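Next up is a structure, given as structure tokens.
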Amino acid sequence: MSKSEADWCKKIEIWWLLRDIKEKGGYKYTTVSWGENGSRGSISIQVSICNEEKYARFIYTQTDNSTGEKKDFDYKVPIVETPCHLGGNRYWFKCSLYKSGQYCGRRVGVLYKDGDWFGCRHCYDLTYSSRKVNKKYRYFPMFRVIELDSQIDKAYAKAKRYTYRGKPTKKRRRIEKLNAEAMHYYQKFAQTKDKY
Ligand SMILES: [Zn+2]
């Protein structure tokens, strides 16, 4: 893995991962890649929400930057559901990283991979603050992405319904707008990272 690949911050959004899960009967196996033609690496994800145990299983191989040693990863991140006020369910990842020996367990809509594992923005210390932006200035567009992602999480938690009389609700449109903005900054982040 090249330096730029190792530095790459990958992210997976739950709503994107589960967008077609209902048609697939609550189970799917998919490959996700980053960068042009997977130049930033790819991973396999097995998703199951049809049984009591709901999870996303992440499978990938990573090459250590300094030793060149290949390491295989295969682990499950639990998916939890919360009931919607007006029926139906909302799904979240339950971050299963340990930070300073403490299990995280946070309910989040987006997981990032800024190291070896997929975890939440809190575990990777990716939450927005000007202090950190100064420290990690190269990440600047990424901080905007994370800020937007956290707004999406909040809007998603509050949204009572997504459609009303067959039309997307105001909340839904807001989430889509935030998502489009997050995508824009993520692409910007991609371009910045390409320079290194
Ligand atoms: Zn976490």
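We use all heavy atoms of the structure for the numbers below, so side chains are in, but hydrogens, waters and symmetry mates are not. Just so you know, ligand 1 is whichever comes first in the structure, and atom 1 is the first atom listed for that ligand. Bear in mind the structure is a predicted one, so any value in this text is a computation, not a measurement.
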Checklist outcome for this item: Any protein N, O or S atom under 2.8 Å from the Zn ion (ligand 1)? Found C95 SG, C104 SG, C120 SG, C123 SG

Item to check | E69 backbone acceptor or donor facing T67 side chain under 3.5 Å | outcome: yes

Next on the checklist: Can you tell me if K154 has over 12 outside heavy atoms packed within less than 6.0 Å of its NZ?
Outcome noted: no

Next on the checklist: Pair K54, E81 - check salt bridge (Lys or Arg N to Asp or Glu O under 4.0 Å), show working.
Outcome noted: CA-CA 9 Å; K54 296 172 179 56; E81 57 181 321; 3.4 Å; yes

Item to check | Electrostatic pair R172:E176 at N-O distance under 4.0 angstrom | outcome: yes

Checklist entry - Between W92 and Y156, does a ring-ring contact (aromatic ring centres under 6.0 Å, His included) hold up when you go through it step by step? => result CA-CA 10 Å; W92 307 89; Y156 183 58; 5.0 Å; yes

Next on the checklist: Determine whether the aromatic ring centres of residues Y112 and Y124 are separated by less than 6.0 angstrom.
Outcome noted: no

